[in-house]
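Every chain is numbered from 1 and lettered A, B, ... according to where its sequence line falls, protein lines coming before strand lines.
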Amino acid sequence: MKYEVIVVGGGHAGIEACYATSKIGHNTILITGNIKNIGDMPCNPSIGGTSKGVIVREVDALGGLMGKIADKSLLQMKMLNGSKGPAVRCLRAQADKETYPKNMQEALLNQKNLSILEGIVEDIVIDDNAKKVKGVVLSSGMMIECDSLILTTGTYLKSEILRGSEKIPEGPHGEKRSDNLSDRLRELGFKIIRLKTGTPPRIDAKTVDYSKMKEELGDDVHYSFSFDSESDYDVSKQEKCYLIYTNEKTHQIIRDNLSKSSMYGGYVSGVGPRYCPSIEDKIVKFADKEKHILFLEPQSMDIESQYYDALYLQGFSTSMPIDVQDEMVHSLEGLEKAKILEYAYAIEYDAIDPLQIKPSLESKHIENLFTAGQINGTSGYEEAAGQGIIAGINASKKLKGIEPLVLKRNESYIGVLIDDLVTKGTIEPYRMLTSRAEYRLILRHDNADLRLRDYGYQAGTIDEDQKRRLDEKRASMSRLNELIRVTKIKKDLLEKHLRNASSCSLYDLIKRPEIDSSILKQIYPELESFDKDVLEEVIIETKYEGYIVKTYKDAEKLLKLENKQIPYDIDYAKVKNLASEARQKLEAVRPVTIAQASRISGVNPADIEILAVYLKKEYGKR
Amino acid sequence: MEDTICAVSTALGIGGIAIIRVSGPKAIEIVDEVFKGCDLTEVNSHTINYGHISWKGKIIDEVLVTVMRAPKTYTMEDVVEVNIHGGIAVTNKVLEILLTAGCRQAMRGEFTKRAFLNGRIDLTQAEAIEDMINAESENARNLSINQLTGKLSDIISALKRRILELESKIEVNIDYPEYEDIEDMTVSKVGEELKRINLDVQRLIDESSNGKVVKAGLNVAIVGRPNVGKSSILNFLLEEDKAIVTDIAGTTRDVVEGKIVLNGNIINFIDTAGIRETADVVEKIGVDKSIKVLDAADLVILVLNHGEELCKEELELLNRLENRKHIVFVNKDDVEGRMDLPRGIDAIYGNTVSKTGLDSLKNKIVSMFELEEIAKKDLTYISNARQLSLIEQVKTSIDSAIQAIESGMPVDIIEIDLTEARVKLGEILGEVYDEELIDELFARFCLGK
């Protein structure tokens, strides 16, 4: 049996990868442990959130599935950071854990050029001479050949579920893990790291006293992730989340039992994420805090579902033994009599050190082997999806013999994510944060299509119809930009809305901080004829024009250094006077450009100067 | 940088000894080749060794050779310093021998450049070394030392940390918007802290004029009609204070007529040639020229004659000087006063013949620039154009942030200005890679250090 592309793992990375390659037209097979688990959300019941919401939009802009499927599976939708600035606004959805995977499975099962097979991959076949990937072997012994292999194995490599001193060798939900694949990767020359993450307990909704909890509602505005279609939820019928706090009693229980937790009892070797700490971590590291915030979130409204009536206790992930977990949960206000349906656990798993992959997500050691998602050391559904679609696109480009798609830091969050991984590596599960994106004012969720759709179109993941709509949006934007500059508004029209009004152009009007799109439409109703996305886009670009220009200028400086390439075969031993730490780091990362080199921690400006001088001398002007 | 470089590190031609410094991987090997005495490749690090420089069987000079092995050296490379007898001929001969033996002539500032590139010193420290070499007064030297030891770096780093802290608080709010137990960095809170930071930045800028005073000295122009007593005043000041030299090309476009050190600070008297040599003084120089002269000066001393009426040009000068630091000195107070000084002008009256009023003049200069204060102060100032321009850009960014807050911009937008300010502070410290900057900076260094 032979396929052009094999994707191993049906999580959020694998989905986007196989969807991309099959959409482009490559004969693709997705191999996954359990077809029913495709698109599973083993942790929180939400999609999006700060910076992650932008990634969902970017995946959609590139032609991916995540945004569209989330739009069909919504329980609640919110715009975060509405008042903090245009660049940090993000959508966050509570998504239905039952319908999201089902919708995903349906989409993939109906996808042309895509086969799906249940199985556990335990071996990779390599053409030893060329160091090229040739195929995989399943635990059943079956071999499947391929031209290109994308590994998106998530947390399933030698995973162990931990609760207290209990250790079970399996994946989430009691799924089968892969016992040998990470050893095989090590054999092939990969450095394997061990990571840890965790998930909180699920509570029986019927046993919760909501009377003392604060309700968290969705926004009363209708939103969608996708640029192509509208989400299908009813704004007035969104599910509620609830906010509660830990208290001194909770903290005391945790302190008293600290040595029983897997993490603090010394049962875990993996490193956990700082950005998503366990409750015991929070208590130990922020000992002076009297309380920590928690959320109770619905997981599914499908009455048939195992998730129905099972609330997710966000912020309370722990690796305590189950009896302590009962005690901890019962100490919380409103949960005194709560029944835990599924106990929290920590999970340890193998990943590869991401310094071993190229910015295209292809392995440095083995040709045509791509990796994406948690195997690369990240955490989060969205981070996985973002890498998945890039791995799919680049596997395809490699097969076609064209340059890979490497998104720059000034182009997308996905670009920031991948650049961070392959440049800085990671020792803990990497989570995307808005603060990681230095040019985020131009990486907004509202302009993801303008930034990235053309790349999708070139790759073949965006079709003619989508491209046409993009071009129409651009045309409409330029019409509107023209209009606001030539349209003058008389003073008397403004007086109702503004103090110190004087007649001015629409353009100048938009720049005033108190003016938003609804006031604007009242003043100049003709704007109604423009699409709301177009209007929003032009308002943002006008209001923050000065800062946007500044950000582009900064980005240009970066591009100058991005254009200074470093030959892949450079011998750092020959670059004299590099600090030894810098030499080691450069050797390990093998940055592609001077800009990338300058971002490696431990490589100082002086080292970059030395490197630049060496390059000039050895390779002429670059 | 695999080359081994050498240069004469002392002023050429004068002095009892001269030192040639050699730095690089082959420094010891190359010097050993031309050295007759012990085996330099075997001696302990940081030792001084007696012997001779010999070339083609001929003894050139008797020398002391200091061997310092990497990394505890100026450049963090192997460094050898050859102490030879001064004198142009011998020094040049030894240099020539070393160059023939495999060294390369060091470029301007190259030793310090290597120290920087090898990570021993940061950019402000490198700049301080340049200043130290050029320091002409005690205060200037103290200023360099404070920069060299990183005192300025500490101040800049502290400012940078404060901005970073502000940024990180904003970031936490953005990344965890629903965590209401985290302190909310509202724009008004950010604004308050920014205003405090801005005060400190402003102080650095204000005091930078002190830094300039300390390092380059004050430029003082003495203007007035011929025979009004300008040169007598100049001579008095120069003589009294043991003038260093006359007619030295200064660092500015002006010619310095003489320098004195007053309270540990340099005062440069700048040539007002146009005024001095013209027969009919003020008329001929024209307003344009006088503006130029005045602009170059930190202080203008206008000398008037008590016995004559003010001419039109003198009145014009008085007007122009109104907004600048200036002193009016009325000479020849022994003759009958025919001069009618406009009201509100505070002048010093004196006589260059009987030497009265001249001490008041000197004291006035001192008090005007708070030279005594500068001398007593902790000498940590921004003192060069690069640093000053950067710190001014920092100020611009912070001002822009404060303005943005006032015009209702959201906190994330304001952070763009904050980041810019922080990056500029980092640039002062040389934490940002900028090829052109580094090249330019080291090209300014004098040869040998």
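- When heavy atoms are compared at a cutoff of 4.5 Å, B/Ile413 approaches chain A by way of both its backbone and its side chain.
- With values rounded to the nearest 0.5 angstrom, A/Thr434 atom OG1 is found 5.0 Å from B/Glu171 atom CD.
- The OG atom of B/Ser400 sits 4.0 Å away from the NZ atom of A/Lys550 when rounded to the nearest 0.5 Å.
- A/Arg92 touches chain B through its side chain: at least one heavy atom from C-beta onward sits under 4.5 Å away, while N, CA, C and O do not.
- At most 12 heavy atoms of other shown residues, nucleotides or ligands fall within 6.0 angstrom of atom NZ in A/Lys240.
- Contacts with chain B were tallied for A/Lys84, A/Arg512, A/Met432; A/Lys84 has the most, counting heavy-atom pairs under 4.5 Å.
- Nearest heavy atoms, A/Ser83 versus B/Pro410: O-CB, 3.5 Å.
- Of residues 47-55 of chain A, those residues with a non-hydrogen atom less than 4.5 Å from any non-hydrogen atom of chain B are, in numerical order, A/Thr50.
- Residues B/Thr419 and A/Glu438 form no side-chain contact, since every pair of their non-hydrogen atoms from C-beta on lies 4.5 Å or further apart.
- Other residues, nucleotides and ligands contribute only 12 or fewer heavy atoms inside 6.0 Å of the CD atom of B/Gln403.
- Applying the 6.0 Å contact sphere to NZ of A/Lys282 captures more than 12 heavy atoms from other residues, nucleotides or ligands.
- Side-chain contact check for B/Asp412 versus A/Arg440: some heavy-atom pair is nearer than 4.5 Å.
- Residue contact with chain B, scored on non-hydrogen atoms closer than 4.5 Å, is absent for A/Glu290.
- Heavy atoms closer than 4.5 Å to chain B are found in both the backbone and the side chain of A/Leu433.
- By the side-chain contact (heavy atoms from CB on, under 4.5 Å) test, B/Gln393 is found to be paired with B/Ser389, B/Leu390, B/Lys424, residues two or more places apart in sequence or in another chain being considered.
- The shortest heavy-atom contact between B/Asp175 and A/Ser435 is OD2-OG, 3.3 Å.
- Atom CG of residue A/Asn81 and atom CD1 of residue B/Ile174 lie 6.0 Å apart, to the nearest 0.5 angstrom.
- For B/Glu415, the part lying near chain A is the side chain, with the backbone staying farther off; criterion is any non-hydrogen pair under 4.5 Å.
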